[in-house]
Amino acid sequence: MHDVVDLRSDTVTLPTPAMREAMANAEVGDDVWEEDPTVQRLEALAAERTGKEAGLFVASGTMGNLVSVLSQTRPGQEIILDLDSHIFNYEVASAAVIGGVQTRPIRTERGFLSPDQVREAIRPANIHIPPTGLVCLENTHNRHGGTVCAPEEIAAVAAVAHAAAVPVHLDGARIFNAAVALRRPVRDFTTDVDSVTFCVSKGLAAPVGSLVCGTRDFIARARRCRKMLGGGMRQVGVLAAAGLVALEQMVERLAEDHANAKRLGEGIARSPGLRVDLARVQTNIVIFFVDLPGGAETLVRECAARKVKIHQIGPASIRCVTHRDVDRDDIDRALQALAEITRGW
Ligand code: TLP
């Protein structure tokens, strides 16, 4: 039980005691010179988990996605992605501003492009038309409520892109949640894509950082892009040490977050005036809708007054994310707060 129940995001997780200890004792060196042994261990472990040749530690998921776009496209190309994707909505238009690429957002049912959608969106060679440079996928899908895309679906989309010689990037910020939900190894979700970003700073509870993985050649280009963006860090093993603990100790417990999200979703479904699609509550995210006009603002405010923090993501929609620093009692407290507020709605 915590004093404040913070369901705004899994990014709010605090480093565990084991992480703080590992950080204090980390062996470090200058990582721009590629001399930090702890960073190298983390990059090697990330590559192994994703079944790729090499990995690169970056400051954030946003930086991981951007270096992946920069390393696989050139200005004037187009990238195909889902309309609700994080890259399209929440990365400050970095692909366009810094990469000079045009984004081609496509509306999907669950956040996942189908092979047919990708086939139709890939541009033919024509003097008027921007060539397709990259297809970007997201798994789990944040704005669609933490939905999971199965490895076979990823493989089918990648096959279409690869047949047209277009590489595929996976924004796998929460790919470990997908892996735990389907009880399959992460590498099943990543073998068919050319590059993947995942975050250790979300449900895995490390304070900072994401990993980008792919071929050795791709990682060499990504490393240059990271430097260009000011992301070449020095004795950064103090952060990578927490990332190692995240990968070694924090993956299996994500199942608890998923169980808590389910409990929360089921409680919300029983609350008057609130609507949730329980079929979408597959991992640690619950998105729900408030039917009353102005209800979402009221709900966020009234919950905050009861020390329950939730996050409004649309005029009538709210997102809750479960994580290590929210336990089952906290979920029941959040449900209690919602029940008090919506009584009589
Ligand atoms: N998402 C954050 C916010 O930016 C919305 C959150 O609280 O969920 N890809 C996906 C799918 C993400 O959800 C996020 C973070 C990122 C990339 C970016 O990661 P960071 O925040 O490390 O740059």
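Here, residue 1 is the first one in the sequence, and each next residue gets the next number. Whatever order the structure lists them in is the order used to number ligands and atoms, beginning at 1. These values consider heavy atoms only, across backbone and side chains, with no hydrogens, waters or symmetry-generated copies.
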At a 4.0 angstrom heavy-atom cut-off, ligand 1 is contacted by S9, S60, G61, T62, N65, H86, E91, E138, N142, D171, A173, R174, K202, R319
How long is the span from the CD1 atom in I106 to the CZ atom in F88, to the nearest 0.5 Å? 11.0 Å
With a 6.0 Å cut-off (strictly less than), is the heavy-atom count around CD of E27, excluding the residue itself, greater than 12? no
E340 and R306 have their tightest heavy-atom pair at OE1-NE, 2.7 Å
Would you mind writing out the side-chain donor-acceptor pairs for residues 237-251 within the sub-3.5 Å range, not counting sequence neighbours?
none

For the CD1 atom of I318 and the CG atom of L274, what is their distance to the nearest 0.5 Å? 7.5 Å
Correct closest heavy-atom pair for P130 and R123 would be O-CG, 3.2 Å
